[in-house]
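Nothing here was measured: the structure is a model prediction, and the numbers come from that model.
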Amino acid sequence: MKSLLIRLMPAALLCLALTACGGGGAVGQTPYDPETAAQALLDSGAFSEALEALDADLISSLYGLESQPEAAAVYTSTGATAEEIAVLVFSTQEEADDARKALEARVSDQKDACEGYLPAELPKLEQAIVKESGSSVLLVVANDSQAAQAALDGLAQ
């Protein structure tokens, strides 16, 4: 019996180590800072046109959010593109989870809408970035998703 326990000990320690490192996605991660993340994205050269800030009062209705974010930076296209940035911070993880689902639905709805009248925008939507970090969520639809991802990678998370 003692021999069996000794042989199982490394496997048990490995399981504990993997469980500790596994991380459950966004929980415990540092939330995005809306202004910093949005500015890094705007400066990245990832967009084909200038984006304009969206009024804070319109954010919840644009994305179909049940709760108002505590802090937000949203920039949308001024022309006929699907390009946009949304960085939203919520007070709870549950609100952030719901917002991530709403942002994913936004991308899906935009794909459906662009199929008929702006098919050139579909590749941008196919490469949309939707991320959750802590109690924050982020949406980026860019002309150059690799440049946008590089800007996000450069943020201290």
Looking at every non-hydrogen atom in both residues, tell me the closest pair between [X] and [Y] and how far apart they are.
X    : Y    : value
A50  : T78  : O-OG1, 3.4 Å
A56  : Q68  : O-NE2, 3.4 Å
P119 : P123 : O-CD, 3.8 Å
A80  : L118 : O-CD1, 3.5 Å
E35  : A72  : OE2-O, 3.9 Å
A99  : V137 : CB-CG2, 3.8 Å

Close side-chain approach of [X] and [Y], heavy atoms under 4.5 Å:
X    : Y    : answer
I85  : L42  : yes
E83  : S48  : yes
P69  : V89  : no
L152 : I129 : yes
L138 : L88  : no

Please tabulate, one pair per line, all N/O donor-acceptor pairs under 3.5 Å involving side-chain atoms of residues 140-151, not counting sequence neighbours.
residue : atom : partner : partner atom : Å
D144    : OD1  : Q146    : N            : 3.2
D144    : OD1  : A147    : N            : 3.1
Q149    : OE1  : K131    : NZ           : 3.4
Q149    : NE2  : D153    : OD1          : 2.8

Transitively linked via ILVMFWY side-chain contacts under 4.5 Å: [X] with [Y]?
X    : Y    : value
L139 : L58  : yes
L65  : V87  : no
L103 : F90  : yes
L62  : L125 : yes

Atom pair CD (Q110) and CG (L122), whose distance is rounded to the nearest 0.5 Å: 10.5 Å
Expected output: side-chain S133 to main-chain S136 donor-acceptor under 3.5 Å: no
Check: A105 main-chain N/O paired with S108 side-chain donor or acceptor under 3.5 Å: no
Side-chain donor-acceptor pair present, T81, E49, cut-off under 3.5 Å: yes
Side chains of Q93 and S135, donor plus acceptor under 3.5 Å: no
Step-by-step side-chain contact (heavy atoms from CB on, under 4.5 Å) determination, E84 to L51: CA-CA 7 Å; E84 68 185 285; L51 301 180; 5.6 Å; no
Residue E52 excluded, over 12 heavy atoms near CD under 6.0 Å: no
E126 atom CD, over 12 foreign heavy atoms within 6.0 Å: yes
Pairs satisfying side chain to side chain donor-acceptor pair (under 3.5 Å), at least one member in residues 113-123, at least two apart: E121-K124
Those residues that, when tested against R100, pass salt bridge (Lys or Arg N to Asp or Glu O under 4.0 Å) (two or more places apart): E104, E132
Step-by-step side-chain contact (heavy atoms from CB on, under 4.5 Å) determination, L54 to Y75: CA-CA 6 Å; L54 184 70; Y75 292 83; over 6 Å; no
